[in-house]
Amino acid sequence: MRLQHCHNFHDFRELARRRLPNPIFNYIDGAADDEFTHRQNTASFERCDLVPNILRGVAAVDISATVMGQKLAMPVYCSPTALQRLFHHQGERAVAAAAAKYGTMFGVSSLGTVSAVELRKQHKTPQAYQFYFHKDRDLNRVMLERAKQSGVDVMMLTVDSITGGNRERDLRTGFAIPFKLTFAGMLQFAIKPMWSINYVTHERFSLPQLDEHIDMGGGPMSIGRYFTEMLDPSMNWDDVAELVRIWNGQFCLKGVMSVADAKRAAEIGCTGIILSNHGGRQLDGSRAPFDQLAEVVDAVGDRIDVMMDGGVQRGTHVLKALSLGAKAVGVGRYYLFSLAAAGQVGVERALDLMRGEIERGMKLMGCTSLAQLSRKNLRFR
Ligand SMILES: Cc1cc2nc3c(=O)[nH]c(=O)nc-3n(C[C@H](O)[C@H](O)[C@H](O)COP(=O)(O)O)c2cc1C
């Protein structure tokens, strides 16, 4: 199987599965507990039907969107994800370059393996910085200031990870940073030697967003310990209001689900919220963002930009979310599997397919601009 045989999410996933050592594949593919929420994220789109209009003159279609002050050539962005260097040796560099080529936003995770500052210098396309809240308030301030100086466009505070999700696949394989592989997990690396060769012949693994401030290198601080020892589970609305003031720019909360929280986010000056359950990796049993979208848009959509992520695999999923009032939609595994499959060209192919599906879907819906998408053209089963 090769990249040119990949025509959709499932094909990229399959190619990634063949290329990656199984503990790494399962880290991407897996989710929390019974993975119910993870399955619901995509299933929720399947409970909604599109009702097209015809004969509307759709020769030219504009799929550009503006979200959080950023002009995007397509309404899909690459949501921040950790550890991309493990999925392909090009890591975040591949994702940033592909996002720039397709004129869309990419997010860099606090647990990213390439420096957000380097990526900012390299590419003009909108860049978000995904932030976790540390116990050390000075550290938070310094990190925000550093991101601001480097020209990051959007600050994205993840609020659904106040404690780690129960990822049982990782417990079975021993996936952790640094690696604590089980014997079975080690065997899986041995049978994928190409991955290991690429890994050791390229730049050393590091977490530059954190290395600047915290001793993560050489393994004294595992990611597990980083979460339990450095991050602050007492974070509350006053803390976030303070961060919003310090940042003084486009600031969104990633992982809002309730209407009450969406209203509070608007009140403290956030300019956007992302409905998200972290791809089902945190609270299993929680609602799918698409199911929750309409009521949140109705409550705050006139005050702040509402985005969503989770389970998006198709252009038609994006059209459904936009029809309910989302301003843009994030993807995670969709581009991670394509990254693992083939690096930058893989992500480019995934974004190209997504753009094509959105354009085709718009034409078939009888729409020439995203503003024409509305709830009138949706029916729920
Ligand atoms: C392997 C992996 C790593 C992730 N790392 C982060 C992260 O570091 N920070 C964060 O806010 N979200 C992270 N996410 C969540 C994504 O940003 C996004 O919310 C989620 O993947 C969307 O669901 P989808 O994968 O079904 O598209 C991660 C997701 C995956 C699959």
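Whatever order the structure lists them in is the order used to number ligands and atoms, beginning at 1.
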Under 3.5 Å, sequence neighbours excluded: what are the donor-acceptor pairs made by side chains of residues 256-264?
unit_1	atom_1	unit_2	atom_2	d
Ser258	OG	Asp261	N	3.1
Ser258	OG	Asp261	OD2	3.3

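- Here Thr173 contributes atom OG1 and Lys180 contributes atom NZ; the two are 12.0 Å apart, rounded to the nearest 0.5 Å.
- Within 4.0 Å of ligand 1, counting heavy atoms only, the contacting residues are Tyr27, Ile28, Ser79, Pro80, Thr81, Ala82, Ser109, Gln130, Tyr132, Thr158, Lys254, Ser276, His278, Gly279, Arg281, Asp309, Gly310, Gly311, Val331, Gly332, Arg333, Leu336.
- Within the cation-pi definition used here (under 6.0 Å to the ring centroid, within 45° of the axis), Arg19 does not qualify as a partner of Phe337.
- Atom CD of Glu35 and atom CG of Asp29 lie 7.0 Å apart (nearest 0.5 Å).
- With sequence neighbours excluded, no residue satisfies ring pair (Phe, Tyr, Trp, His ring centres under 6.0 Å) with Tyr334.
- Residue Met307 belongs to a hydrophobic cluster whose other members are Val67, Met68, Leu72, Tyr77, Met105, Val154, Met156, Ile274, with links defined by side-chain heavy atoms closer than 4.5 Å.
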